[in-house]
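In what follows, a single structure is set out as structure tokens and then discussed.
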Amino acid sequence: MQDDLFQGEAEKERHEKAIDDLCLIYPGKSIEIRQCYLQKLESLVTGARIRIYLSILVTREVKALLRNPCNLTSNETRCDNI
């Protein structure tokens with residue numbers, strides 16, 4: 001994971017757990033999940049004032065993307081559609 005996204009070990013662990021939980025719900029999509037999660041997180045983290053909710057927000061958005069399989073291909077993640 002990109003360490004510069006986090007303000008401490010607890011925050012990093014929270015996001016790792018969110019990614020792991022998504023991978024359990026959507027087996028076989030771990031690469032897409034990680035890429036999409038980190039891309040979405042990176043776009044939100046800069047302006048975030050209350051960072052504790054980021055894992056919830058990003059998880060919801062990644063789940064929405066994964067519910068619509070047209071948004072994902074095996075070689076590419078299209079997180080811009082979220």
Where do Ile33 and Leu66 land on the side-chain contact (heavy atoms from CB on, under 4.5 Å) test, with the steps shown first? CA-CA 8 Å; Ile33 289 169; Leu66 290 167; 3.7 Å; yes
- Item | ILVMFWY network linking Ile56 to Leu41, side-chain heavy atoms under 4.5 angstrom |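 Not linked; separate clusters.
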- Shared hydrophobic cluster for Ile19 and Ile25 (ILVMFWY, side-chain gaps under 4.5 Å):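 Yes: a chain of side-chain contacts under 4.5 Å links Ile19 to Ile25.
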Salt-bridge contact Glu16-Arg34 (side-chain N to carboxylate O under 4.0 Å):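 A salt bridge is present here (some side-chain N lies under 4.0 Å from a carboxylate O).
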Has Ser43 got a side-chain atom pairing as donor or acceptor with Lys40's backbone, closer than 3.5 angstrom?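 Flag set: sc Ser43 to bb Lys40 pair under 3.5 Å.
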Separation between OG of Ser30 and CG of Leu22, rounded to the nearest 0.5 Å =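 The OG atom of Ser30 sits 11.0 Å away from the CG atom of Leu22.
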Q) At what distance, to the nearest 0.5 angstrom, does NE2 of His15 lie from CG of Leu38? A)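 His15 NE2 to Leu38 CG: 9.5 Å, rounded to 0.5 Å.
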*asked:* Are there over 12 heavy-atom neighbours, none belonging to Leu24, within less than 6.0 Å of that residue's CG?
replied: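 Yes, the 6.0 Å shell around CG holds more than 12 heavy atoms from other groups.
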Problem - Candidate pair Tyr37 and Cys23, rule side-chain contact (heavy atoms from CB on, under 4.5 Å), full reasoning - result: CA-CA 11 Å; Tyr37 189 99; Cys23 290; over 6 Å; no
* Taking only residues two or more places apart in sequence, or in another chain, which ones meet Asp20 in a salt bridge (Lys or Arg N to Asp or Glu O under 4.0 Å)? ->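 Expected list: none.
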If you apply the rule side-chain contact (heavy atoms from CB on, under 4.5 Å), what do you find for Arg14 with Lys17, and how did you get there? CA-CA 5 Å; Arg14 186 170 40 257; Lys17 177 157 179 19; 5.9 Å; no
Would you be so kind as to tabulate the donor-acceptor pairs closer than 3.5 Å made by side chains of residues 44-51, with sequence neighbours excluded?
unit_1: Arg51; atom_1: NE; unit_2: Gln7; atom_2: OE1; d: 3.4
unit_1: Arg51; atom_1: NE; unit_2: Glu11; atom_2: OE1; d: 3.0
unit_1: Arg51; atom_1: NE; unit_2: Glu11; atom_2: OE2; d: 3.4
unit_1: Arg51; atom_1: NH2; unit_2: Leu5; atom_2: O; d: 2.7
unit_1: Arg51; atom_1: NH2; unit_2: Glu11; atom_2: OE2; d: 2.6

Quick one: do Tyr26 and Glu32 satisfy side-chain contact (heavy atoms from CB on, under 4.5 Å)? Show the steps, please. CA-CA 10 Å; Tyr26 299 97; Glu32 292 92 341; over 6 Å; no
